[in-house]
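Working notes, beginning with the structure itself.
Nothing here was measured: the structure is a model prediction, and the numbers come from that model. Counting starts at 1 for both ligands and their atoms, in listed order.
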Amino acid sequence: MCGIVGYIGPRNAQDVLLSGLAKLEYRGYDSAGIAIYDHGEVKLAKTVGRLAALEAKLNGATISGNLGIGHTRWATHGKPSDENAHPHAGCASDFAVVHNGIIENYLALKEKLLASGHHFASETDTEIIAHLLEELWTGDLFSTVLKVLEEIRGAYALAIMTKNDPGKLVAVRKHSPLVIGLGDGENFCASDIPAILEYTRDVLIMEEGEIALITESSVECFDLKGNSIEKKVFQVTWDPVAAEKGGYDHYMLKEIHEQPRAVRDTMSGRLSDDGRKVMLPELKWPEGYAQAVDRIHIVAAGTSYHAGLVGKTVIESLTRIPVDVEIASEYRYRDPIVTDHTLMVVISQSGETADTLAALRNSKERGIRVLAITNVVGSSVAREANDVIVTWAGPEISVASTKAYTTQLIALYLLALYLGQERGKLDDVFVNGFLKDMKELPDKLDEILESSPWIEQTAKDFAVWDDAFFLGRGIDYAVALEGALKYKEISYIHAEAYPAGELKHGTLALIVEGVPVIALVTEDSLYEKSVSNIKEVKARGAHVLAIAWAGDEEIGKSVDRVLYIPRTRTALAPVLMVAPLQLLAYYASVARGNDVDKPRNLAKSVTVE
Ligand code: AGP
């Protein structure tokens, strides 16, 4: 997730761009840059580091000009560096483009452009857009951009300018957010409203597949076929702080609702065109390595550890490789039994968790190959692992991890499928079916998020209790652990997860009349067992909420409340089941009047031991 901003009008563009980028740093902050049309030239200033580093690089100088674009980056393709910072130009400096999203087919396009003599300055996917603009130039910026869009595939919000057609800004939206700000003799575009709120409250919200031609006196919107579109002006009533949360009350709620986009983005570019293969070009495994792996150790902390538990179930099922999942703060002090064919997978949203990093370093010293699944390109874990699969969730601000967890699951599914393919365990038909179900997850998550009001009321009812129990069997137990962690860490209510079959070995003693029990019931093979465990707690007076598959008519007879989730294959259930649990925790925390985004005693990244 990155932040883009564009301006055209009477003001000094640099001031508007820097001020807008400052409001977008929550979308990404590993590098920043601006491009301004200055008396016949497109002038660029960009650098690795936060916006402050860019301002330092400008060192008080002002590029004069009234047309410009700017970018604050959250790296996906290419590490944080000066060269990879946006904006990007082509071979000459006639064009400048800033981009938020992922161009899935950039490698193939880059090869073609290299073959036709283009030279590239960066490792990014975005740069190919600038070279395509050069290659396809028609003499008019708008029609050239339409031709470029016919060539690229993926998710993008773009702002584009050129010295060859000055006085125009073109902005495009496909899968990544984009708004147009309407001023008096000036106009703006940005990833999000906060960037332009100080200048205007009149906004056009760009929809999927829309393109805007912006001048200082006009904004015309079209579909990608060039058909004109009439759009309604949206009057923004939020204050700047609320705007940064996209109108949500807390970052956590915003990030819960970003999960459909984050899940889609994390799959982007990693599935073959025919949907029958997983591609992980970021894995630089030696020839035969995938076939030789004979054990996997997944090591992580907190929510990332819970993702690892789901990963174990799926990797073992699809590859038959034995997987151990370990808490980083324990594993780092153990002398684990490993061989040259043991693969270590560390999972860390921040990439800076001290125990996880220490465990990684210990394994590197033992000569073990380490694969990192992380949300932060350029983090310590990303830099020190042998290979990295980046989750494209974008910056996660709230201490409670939500979109990072679901995108970690996506990364683990892709890894399991990749390993299964490489080891000849999975045929194309199976992979195709699994990937088809994965591609349906974003829409199914959207459907679940519509149940928020019902979940909010349930959370209010449960929040009067000082205890809650989360039960599940099989993969449901792994999700129950995550649900309990979410619940306790932000509502401060004692919550624990239990393997449903384990209740009678102790925890049942804690079940009293009315206590909330959340039972996860998607493991089909263990359904009857799960129902009988529910009956055990019901017999002791528990108040049971079940999370079950839509169409399950039986479960309602055994519990007090049911939240149905749309059906998918059991292996993928955690991606859907966790959303109601995240919302339950969120609304319980709100009901208790807590600081949801910054819960007491906790930090977003535990960089100390
Ligand atoms: C998540 O809700 C927690 N705040 C916490 O457990 C977190 O998952 C854990 O600290 C690991 O962080 P990491 O993924 O950045 O390594």
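Taking every non-hydrogen atom of Thr303 and a distance limit under 4.0 Å, the qualifying atoms of ligand 1 come out as 1 (C), 2 (O), 6 (O), 8 (O). If you number the atoms of ligand 1 from 1 as listed, the ones under 4.0 Å from a heavy atom of Ser401 come out as 1 (C), 2 (O). The Ala400 neighbourhood of ligand 1 comprises atoms 2 (O), with distances under 4.0 Å to a heavy atom of that residue.
Cation-pi geometry between Arg592 and Tyr492 is not met: the NZ or CZ atom fails to fall both under 6.0 Å from the ring centre and inside 45° of the normal.
Ring geometry for His71 against His86 counts as parallel: the plane angle stays under 30°, on a 0 to 90° scale with 60° as the upper cut.
In terms of N/O distances under 3.5 Å, ligand 1 is not approached by Gly302. Between Glu489 and ligand 1, a contact under 3.5 Å exists for at least one N or O pair. Residue Gln408 has no nitrogen or oxygen atom sitting less than 3.5 Å from a nitrogen or oxygen atom of ligand 1, judged on distance alone. Residue Ser304 has at least one nitrogen or oxygen atom sitting less than 3.5 Å from a nitrogen or oxygen atom of ligand 1, judged on distance alone.
The nearest pair of heavy atoms linking Thr339 to Ile368 is O-CD1, 3.4 Å.
The residue from Thr406, Thr407, Ile448, Val310 that alone fulfils the side chain to side chain contact (heavy atoms under 4.5 Å, CB included) condition with Val575 is Thr406.
Looking from atom 4 (N) of ligand 1 to the surrounding protein, the closest heavy atom is Val399 O, 3.0 Å. Among all protein heavy atoms, the one lying closest to atom 16 (O) of ligand 1 is Thr353 OG1, 2.5 Å. The protein non-hydrogen atom at the shortest distance from atom 11 (C) of ligand 1 is Ala301 O, 3.5 Å. The closest protein non-hydrogen atom to atom 10 (O) of ligand 1 is Val606 CG2, 3.9 Å.
The shell of residues lying under 4.0 angstrom from ligand 1, judged by heavy atoms, includes Lys486. In this structure, Leu602 has no heavy atom closer than 4.0 Å to ligand 1.
Using modelled atom types, one finds a donor on one side chain and an acceptor on the other under 3.5 Å when comparing Glu352 with Ser380. In summary, the side chains of Asn84 and Arg73 do not present any donor paired with an acceptor at a separation below 3.5 Å, with no hydrogens or angles considered.
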*Starting from the C-alpha separation in whole Å, work towards a yes-or-no answer on side-chain contact (heavy atoms from CB on, under 4.5 Å) for Leu371 and Leu415.*
CA-CA 10 Å; Leu371 164 61; Leu415 176 64; 3.7 Å; yes
*Could you go step by step and tell me if Thr391 and Lys403 meet the side-chain hydrogen bond (donor to acceptor under 3.5 Å, both in side chains) rule?*
CA-CA 9 Å; Thr391 51; Lys403 61 179 182 173; over 6 Å; no
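Between Lys604 and Glu396 there is a salt bridge, since at least one side-chain N of the basic residue sits less than 4.0 Å from a carboxylate O of the acidic one.
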